[in-house]
Every structure is written in structure tokens, then in C-alpha cells.
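One structure below.
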There are 2 protein chains.
Amino acid sequence: MFSFGQARQRIEEAIKGKQMLLVVGNCYVEYWGRAASKLPKGKRLLMIKGDSSSAIHQNRLLRPTNYMMNARISCEEQDNALVLSAKKLKPKESIKVFFYRVDDIQSYEMDSAADLRLFGSERELSNELMKDLSFLEEGLKPLKQEQAFRKGIADLIAEDKDGNIVVIEVKRRKADFSAVTQLQRYAKQVEKINGVKTRGILVAPEIMKNARDLLENYGLEYYSFDFEIGNPKTKIKGVQKKQPTITEFM
Amino acid sequence: MFSFGQARQRIEEAIKGKQMLLVVGNCYVEYWGRAASKLPKGKRLLMIKGDSSSAIHQNRLLRPTNYMMNARISCEEQDNALVLSAKKLKPKESIKVFFYRVDDIQSYEMDSAADLRLFGSERELSNELMKDLSFLEEGLKPLKQEQAFRKGIADLIAEDKDGNIVVIEVKRRKADFSAVTQLQRYAKQVEKINGVKTRGILVAPEIMKNARDLLENYGLEYYSFDFEIGNPKTKIKGVQKKQPTITEFM
DNA sequence: TAATTTATGTCGTAG
DNA sequence: CTACGACGTAAATTA
Ligand SMILES: [Mg+2]
Ligand SMILES: [Mg+2]
């Protein structure tokens with residue numbers, strides 16, 4: 001139990017020092033901005049980080065119920081509440097946390113943030129695949145031109161043994177409608193730019209049934225694959241072309 | 001500073017009691033599952049909630065660097081580290097947090113989670129719009145509104161004054177490619193089911209330039225609108241039809 | 001700065 | 001349990 005005066009001093013100190021700040025207590029939360037919300041009174045945890053990212057957490061779920069980043073934080077004592085406000089412009093937004101009881105305040109001087117080393121990202125899979133496109137199809141070669149650019153419009157652009165341009169989209173998880181429409185969009189765009197018929201290949205571990213139907217309607221191709229995440233190398237295995245499932249004639 | 005023995009006891013108690021648990025200390029984090037990652041040693045905050053949702057936070061950004069939900073949490077003392085593990089099946093995943101120094105442990109009995117009352121969601125805007133479709137266009141009437149409502153394939157399905165079926169997709173923010181392709185997919189599907197030409201209308205506060213070009217290529221229509229978030233009613237205002245931007249002749 | 005895309009997306013919901 | 005779409009998506013990347 002903290003008096004609002006004590007609490008305010010402690011909070012302002014921590015914020016000034018860019019410390020990780022945690023406030024636990026009975027509060028009511030209002031948000032107004034891109035949307036609006038009200039969180040009924042209850043015991044919650046407020047986390048404010050050194051970069052001013054703020055979040056109100058309940059005791060369930062990963063994501064906070066309210067949050068804001070790049071905000072200006074302020075703290076004021078009202079009649080019956082300690083009010084913590086986070087405000088930002090662009091978009092104009094505001095959160096107000098009304099603490100009616102402050103149970104605990106903790107703050108920690110933290111180490112400067114380190115980069116997470118992540119393996120198995122789509123980018124990594126895509127790079128691995130590019131090293132040997134014959135995994136996909138005999139005679140498939142990356143187009144040097146596109147390779148030069150960090151990222152063009154599609155994940156990969158290649159040329160098949162007959163000289164057709166092939167647009168390749170890689171997904172690290174089960175492909176859905178959006179993966180298919182994305183590939184279709186890229187394929188059409190490349191087709192328009194180069195003025196030649198272009199193949200589109202979706203490479204993903206799995207694909208939703210309905211998404212696959214759409215893909216086949218668009219005349220695109222699907223290859224399944226597996227990958228094994230390793231350090232430092234992620235390995236691609238078991239690439240195989242899936243034949244169209246001819247379910248109906250038009 | 002906690003001894004590993006003390007720390008372990010405190011942690012296990014908090015987890016058993018489904019309390020909100022916070023552990024601060026110098027640690028190294030390994031994740032393996034859908035992807036894999038390593039977070040270099042440093043002072044971090046581990047948050048474990050009553051539903052076993054766990055997150056490793058650094059002192060910046062809203063999102064945690066590592067996280068897991070619906071996991072089985074365990075804690076064991078090793079030679080030079082206190083190891084907190086979170087494991088789950090489906091997908092099979094694991095996080096290990098190696099604490100080399102435990103600076104602080106806090107746990108809190110929390111109130112049961114309350115529902116956030118959110119205003120200005122897409123669903124709310126859609127409902128509001130349906131009440132008076134003449135906002136969009138004279139003579140537009142909701143069609144099979146219960147089915148449109150329940151089925152949810154499209155946000156709204158209506159009939160215009162000439163008897164055409166109109167599929168309407170509402171977006172609460174600036175519409176992009178995916179909004180356009182989504183609407184296109186719905187419109188085509190309704191067209192196929194009913195066997196008649198179908199209009200597709202995208203209603204959004206704004207639309208990306210490129211997305212708009214795509215929309216016009218598809219023969220779909222765009223209406224802009226504004227909304228004012230209120231409690232309990234969100235008001236829709238300033239709906240206006242945007243004429244196709246004829247940029248090029250085919 | 002705006003546009004675009006990824007994400008270990010998370011989360012809710014309907015079937 | 002899966003499919004599917006919203007999310008105040010956040011965050012990284014690129015033009
Ligand atoms: Mg991709
Ligand atoms: Mg919608």
C-alpha cells in the first residue's frame with residue numbers, strides 16, 4: 001500500500017531514469033484514439049519501459065488489454081486516484097489509468113536491449129532456397145538481376161529451363177488465401193512489366209484446402225516443403241511439387 | 001539477490017497459486033519450436049501469468065522478445081543457473097530461461113480478468129452501417145441480413161435499387177491490397193453461388209493508391225467514410241462514393 | 001515519412 | 001479441432 005504522494009514520487013523517478021517500471025494496483029483504464037475502450041476497475045499490472053512503451057496486463061493472455069508506445073507519460077494526483085496518462089500524436093491517442101489503490105511499485109535499471117538471434121525466418125528460408133533452386137525444379141535458375149536487389153517485389157524471381165520467368169513466394173507456415181492472392185498479384189505485375197507469360201510458384205509446408213483451389217483457379221503452382229531449424233544453418237528438405245487436384249471441369 | 005534455492009521455492013509457490021509472477025535477473029534465453037532463437041545474456045524481466053502465458057521482456061518495445069502460452073512451466077536448479085522452462089505440444093515448442101543471477105521476484109494475487117469494452121471495432125461500424133445503407137447509396141437494402149450476419153463470409157450483403165446483389169466489405173483503417181483481394185474473393189464467390197453479376201463495395205476511411213488501382217481493375221467500388229467513436233454509439237459520417245480515377249486507357 | 005510485408009504473430013469465433 | 005479474419009495489430013524493411 002502506497003500513499004499517492006509516495007507512489008507519484010517513485011514513479012516519476014523511475015520514468016526519468018528510463019527504468020523498467022511496474023505498478024500493481026486497483027485501477028480503471030480508459031483509452032481513446034484509433035478506437036476507444038474502458039476496462040472495469042480491478043487489480044492490474046502497469047508496465048512502463050525505458051522507451052515509454054506502456055502496457056496494462058491482466059492475469060491472462062500474452063497481450064496486454066491496453067497499451068501505447070512512443071507516448072508522453074505523466075502522473076498526477078487527483079482527489080481519490082493517482083492518474084497515469086500516456087498521450088501521443090499521430091495518431092492522436094490517450095490512455096488514462098486511474099489507480100484507486102497502489103499495491104506495489106517496482107523499478108529496475110535494465111541492460112541495454114540485445115538483438116534476438118532468430119533462426120527459421122521466412123527470409124532465411126528464402127535465401128536457403130535460392131542457393132539451389134534445382135530443389136524445386138530441374139533447370140530453375142535465379143535471375144541475377146533481381147538477386148542484386150535486397151528485395152524486389154517477390155521473394156524470389158527465377159527462370160525455368162524453357163526461359164519462362166518464375167515468381168516464387170515462400171511461406172514459413174500453412175499457406176492461406178492471402179498467400180495465394182499475394183503471389184497472384186506479384187505474378188501479374190511481373191507479367192505486365194516484362195510482357196511475357198509468367199509462372200507463379202507458392203512454396204509452403206502446407207496449404208489450406210480452399211486456398212489451394214483458388215491457387216489452381218489462378219493457374220499457379222504449389223510446392224510443399226519441410227525445413228529443419230538449425231544453428232547456424234536452417235536446412236530445407238523434402239521439396240515436392242503438388243499436382244493440381246482436378247476436382248471440377250469448367 | 002536471491003539464492004537459487006530461495007528463488008525456486010518462491011517461484012513454484014507463485015505458479016501453483018496462479019499468481020502473476022515477475023522474475024528479474026541476468027539470464028540467457030533459448031527458444032525452439034516453430035522457429036528458434038537465442039537471446040544473449042542480459043538483465044531481463046520474465047512475466048508468468050495465471051494461465052501460464054509467459055514472456056521475456058527487455059526494456060524497450062511493447063512485444064516481448066520471447067513468449068509462450070498454454071505451456072507447462074517448470075523450474076530446476078542447475079550448477080550455475082536457475083532454469084525456468086516452458087514446454088508445450090502442438091506445436092511442440094520449448095523455451096528455456098537460464099538465470100545466472102536473480103535480482104528480484106515478485107508475485108501478486110490478481111483479480112479475475114475482466115472484459116475490455118471496446119468501441120469502434122469493425123463489427124460495430126458494420127452494424128451501424130447496416131442500419132441505414134442509404135448512407136452509401138439511394139435504394140440500397142440489406143439482403144438476407146441474418147445470414148450475412150451469421151455466416152460472416154462478407155461483412156454485409158445488400159441489394160441495390162436495380163436488384164443487383166452488392167457485397168460490402170468494411171475496414172476501420174486505411175484499406176490495402178488485402179482488403180481489395182478479400183472483397184474480390186467474396187464478390188466472386190457470391191456471384192458464383194447466385195449466378196448473377198455482383199457489385200463489390202469497399203468502405204474504408206482511406207485507401208492506398210496502389211490498392212485503389214487494383215480495386216478499379218477488378219471493377220470494384222470504393223466509398224470513403226469517417227466515424228466518430230462514442231459511448232455507447234459510434235457514429236458514421238461523411239460517406240461518399242469515390243469515382244474511379246481514370247489514369248490510363250487500355 | 002509512407003508503403004509494404006512478416007510474425008514463433010495473438011486472439012476470437014463459427015463450423 | 002480447424003478455418004478464417006480482425007487486430008487500437010506491432011515491428012522491420014525499403015523506397
Ligand atoms: Mg513471402
Ligand atoms: Mg471485414
Side-chain angles (χ1 to χ4, degrees), chain A residues 31-37 51 53 55 60-71 86 88 90-95 115-116 118-126 149-155 169-179 182 185-186 206-211 229, chain B residues 31-37 53 55-56 60-71 86 88 90-95 115-116 118-126 149-155 169-179 181-183 185-186 206-211 229:
Chain A
Y31 157 76
W32 185 93
R34 285 169 287 177
S37 74
D51 67 346
S53 305
R60 64 182 290 266
L61 300 185
L62 285 170
R63 301 178 65 76
T65 45
N66 287 100
Y67 53 89
M68 191 172 300
M69 51 176 309
N70 301 327
K88 71 182 289 201
K90 220 171 160 35
K92 196 179 176 197
E93 294 190 292
S94 136
I95 293 180
D115 280 341
L116 182 76
L118 182 71
F119 310 97
S121 65
E122 183 187 293
R123 179 61 157 281
E124 193 182 347
L125 293 174
S126 177
F149 287 98
R150 295 287 302 167
K151 177 157 187 189
I153 80 173
D155 287 344
E169 173 64 31
V170 181
K171 286 294 167 202
R172 67 180 315 288
R173 58 173 178 171
K174 195 166 189 174
D176 56 15
F177 287 126
S178 71
Q182 189 185 18
R185 195 153 46 78
Y186 293 158
E206 294 177 274
I207 186 168
M208 304 270 186
K209 172 85 182 65
N210 288 337
I229 301 155
Chain B
Y31 157 73
W32 186 93
R34 284 167 290 176
S37 75
S53 305
I56 287 279
R60 63 183 290 265
L61 300 185
L62 285 169
R63 292 185 180 287
T65 44
N66 288 99
Y67 53 89
M68 191 174 298
M69 52 177 307
N70 301 327
K88 69 181 292 198
K90 214 169 170 35
K92 195 180 178 195
E93 294 190 293
S94 137
I95 292 181
D115 281 341
L116 182 76
L118 181 72
F119 310 96
S121 65
E122 182 188 294
R123 178 62 163 277
E124 193 183 347
L125 293 174
S126 176
F149 195 78
R150 288 239 171 135
K151 264 270 179 176
I153 162 172
D155 287 344
E169 174 64 31
V170 180
K171 288 295 170 203
R172 70 180 311 289
R173 57 172 178 171
K174 195 166 189 174
D176 57 14
F177 287 126
S178 72
T181 53
Q182 190 186 3
L183 174 58
R185 195 152 45 78
Y186 293 161
E206 293 177 275
I207 186 168
M208 304 270 186
K209 171 86 182 66
N210 288 337
I229 301 154

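Atom set for the values below is all heavy atoms of this structure, side chains included, hydrogens, waters and symmetry mates excluded. Each chain gets a letter, A, B and so on, in the order the sequences are listed, and its residues count up from 1.
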- Task: Would you please confirm or rule out a distance under 4.0 Å between OP1 or OP2 of C:dT5 and any side-chain N or O of A:Tyr186?
- Result: yes
- Task: Nearest-nucleotide wise, let me know which of B:Ala35 and A:Arg185 is further upstream toward the 5' end of DNA chain C.
- Result: A:Arg185
- Phosphate contact (C:dA3 OP1 or OP2) by B:Asn210 side-chain N/O below 4.0 Å: no
- Query: Nearest-Å distance, OH (A:Tyr31) to C1' (D:dC7)?
  - Reply: 11 Å
- side-chain N/O B:Lys174 vs C:dT4 OP1/OP2, d < 4.0 Å: no
- At under 4.0 Å, does any side-chain N or O of B:Gln182 touch on OP1 or OP2 of D:dC4? no
- Message: Looking at A:Asp176 and D:dG5, is any side-chain donor or acceptor paired with a base atom of the opposite kind under 3.5 Å?
- Response: no
- Select from A:Arg172 and B:Phe177 the residue whose nearest nucleotide in DNA chain C is closer to the 5' end of that strand. B:Phe177
- Query: Think A:Arg173 has a side-chain N or O under 4.0 angstrom from the OP1 or OP2 of C:dT6?
  - Reply: no
- Task: Give a yes/no on whether any side-chain N or O of A:Arg34 is located under 4.0 angstrom from OP1 or OP2 of D:dA10.
- Result: yes
- Task: Can you tell me the pairing partner of D:dG8 across any strand shown, Watson-Crick or G-U wobble, with both distances under 3.5 angstrom?
- Result: none
- Item | Short side-chain N/O contact to D:dT2 OP1/OP2 from B:Lys90, under 4.0 Å | yes
- Item | Contact under 4.0 Å: A:Lys171 side-chain N or O vs C:dA7 OP1/OP2 | no
- Message: Between the base of C:dT8 and the ring of B:Tyr67 - centre-to-centre under 5.5 Å, planes within under 30° - is that a stack?
- Response: yes
